Amino acid sequence: MAMELWNHTFLSNFILTGLFSYSPSDLFLFILVLLASVATLAGNILFLLLIHADRRLHTPMYFFLSQLSIMDLTLMCTVVPKMAANFLSGHKFISWGGCAAQIFLVVMVAGAECFLLAVMAYDRYMAVCYPLRYPVLMNWKTCFLLVLASWGGGMADSVIDVTMVFSFPYCASVEVDHFFCEVPALLRLSCADTSLFEDLLYVCCVVMLLLPLGVIVTSYAKVLTAVIRMHSTEGKQKALTTCSSHLTVVGLYYGGAIFIYMQRSSTRTPAGNRATSIFYTIVTPILNPLIYSLRNREVTRTLRKMKGRWGV
């Protein structure tokens, strides 16, 4: 009876240690992160509105970019509000359900983004290497199916992770040494042997990261070959600008994801996990709108057009 009561108690709440202390320097960093997050929220929403407002942006590439913005918004809204609320209130608790929701949404978006980045690379390969057949090969039905498959793959992975993580008993500490609920951080608290699941998780991450990365590398190798053979300087410049933006995002995202998920549990440290998680849950979503808007003439032209309409 006492054990059942203890099980009920420890599963009711977890404690997140958080990212910031209350020192002046950490307070400054917290304000900086909060302001950057609000700006990112506004930037992604503006980006989605621009795509919706301008028919010239109703193309497969911008459809995929809109999905990337939705993923970034989901990721930030899952992590940052709870982190900020805990810091401001001084209460570091998160409910069992809230923790499960964080893991589900973060893993789903992370997995879906892996697949989506591969889809975007394939789209650029089709656009550059098969320009005449591109409208037929990348029709709207194909685009919707590719996006649906990306979200579906991420969701399947998240369902498995949440189910497995919360099937383990947590009978020691409930203090999660992180600023949100992440699978590796929770597994360290379990009093059961999680080594088999961690090995399966490692294999799954290798597959989910390296297979899409293989598609990306292959696609851009073919794109680069095609660009070198182009005679038009303007065509080369346009193709390279678009592709370099995408490759920048790929580098930022995959760098953090590979570092945190393709390490063995024995080599991970809480501080290292927090630093890497900041990168792919906060920094990358902040940079993505800037990379795609500032280096994209079509987006900046649409923005100037909208500002003219609004009299700004």
Side-chain angles (χ1 to χ4, degrees), residues 44 47-74 108-156 207-254 288-289 291-293 295-303:
N44 276 293
F47 188 62
L48 291 170
L49 290 174
L50 290 175
I51 292 173
H52 176 73
D54 193 341
R55 288 186 176 274
R56 288 173 297 183
L57 301 183
H58 293 180
T59 63
M61 185 180 81
Y62 288 103
F63 174 61
F64 296 138
L65 286 176
S66 70
Q67 295 301 306
L68 185 65
S69 283
I70 291 170
M71 290 176 184
D72 287 342
L73 286 170
T74 304
M108 178 183 69
V109 170
E113 194 161 332
C114 281
F115 296 126
L116 183 68
L117 290 173
V119 167
M120 291 169 67
Y122 177 74
D123 172 67
R124 291 301 84 204
Y125 160 67
M126 286 294 181
V128 173
C129 298
Y130 302 98
L132 298 180
R133 297 174 59 196
Y134 176 73
V136 177
L137 294 171
M138 294 298 291
N139 57 64
W140 283 111
K141 181 181 178 181
T142 302
C143 293
F144 277 117
L145 289 174
L146 288 171
V147 166
L148 191 62
S150 298
W151 281 104
M155 187 176 293
V207 172
M208 287 190 66
L209 287 169
L210 294 190
L211 281 182
L213 189 59
V215 173
I216 292 168
V217 170
T218 303
S219 297
Y220 278 111
K222 292 182 179 293
V223 166
L224 184 60
T225 303
V227 168
I228 291 172
R229 292 174 180 170
M230 284 182 180
H231 299 293
S232 169
T233 304
E234 185 180 352
K236 280 184 180 182
Q237 186 177 2
K238 184 177 180 181
L240 288 173
T241 300
T242 304
C243 295
S244 62
S245 297
H246 183 221
L247 284 172
T248 304
V249 171
V250 168
L252 289 171
Y253 180 79
Y254 272 88
N288 281 354
I291 292 168
Y292 281 116
S293 60
R295 300 187 64 183
N296 192 306
R297 292 179 183 176
E298 292 171 325
V299 172
T300 53
R301 184 174 61 240
T302 302
L303 181 60

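Here, residue 1 is the first one in the sequence, and each next residue gets the next number. All figures in this text were calculated on a predicted structure; none of them were measured in a lab.
- The side-chain heavy atoms of M120 and I216, taken from C-beta on, include no pair separated by under 4.5 Å.
- In this structure the side chain of L213 reaches within 4.5 angstrom of the side chain of L210, judged on heavy atoms.
- Contact of the W151 side chain with the F115 side chain is not registered, since no non-hydrogen atoms from C-beta on lie closer than 4.5 Å.
- Taking each heavy atom of M208 and G153 in turn, the nearest pair found is CE-O, 4.5 Å.
- For the pair L57/L65, no side-chain contact is recorded, criterion being any heavy-atom separation below 4.5 Å from C-beta on.
- A distance of 7.0 Å separates NZ in K222 from OH in Y130, rounded to the nearest 0.5 Å.
- Closest approach of V207 and P212 over heavy atoms only: O-CD, 3.6 Å.
- In this structure, H52 places its NE2 atom where only 12 or fewer heavy-atom neighbours from other residues, nucleotides or ligands lie under 6.0 Å away.
- Taking 4.5 Å as the limit, every side-chain heavy atom of V128 sits out of range of all side-chain heavy atoms of Y134.
- Put simply, OG on S66 and CG on N44 are 11.0 Å apart, with the number rounded to the nearest 0.5 Å.
- Note that CG of L73 and CZ of F47 are 11.0 Å apart. Values are rounded to the nearest 0.5 Å.
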- How far apart are the C-alpha atoms of F63 and H58, what are their side-chain angles, what is the distance that settles it, and do they pass the side chain to side chain contact (heavy atoms under 4.5 Å, CB included) test? CA-CA 7 Å; F63 174 61; H58 293 180; over 6 Å; no
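- L48 contributes atom CG, which lies 9.0 Å from atom CD of Q67 (distance to the nearest 0.5 angstrom).
- Scanning both residues, V136 and N139, for their nearest heavy atoms gives O-ND2, 2.9 Å.
- Looking at every heavy atom in both residues, W140 comes nearest to P60 through CH2-N, 4.1 Å.
- Neither side chain, S69 nor D72, offers a donor N or O lying under 3.5 Å from an acceptor on the other.
- Between M71 and N288 there is no side-chain heavy-atom pair separated by less than 4.5 Å.
- Atoms CE and OG, from M108 and S150 in turn, are 12.0 Å apart once rounded to the nearest 0.5 Å.
- In this structure, T74 contributes its side chain and I70 its backbone to a donor-acceptor pair below 3.5 Å.
- Side-chain contact check for V119 versus V147: every heavy-atom pair is 4.5 Å or farther apart.
- Here T59 pairs with M61, Y62 under the side chain to side chain contact (heavy atoms under 4.5 Å, CB included) rule; sequence neighbours left out.
- Residues V223 and Y125 approach most closely at CG2-CA, 3.5 Å, considering heavy atoms.
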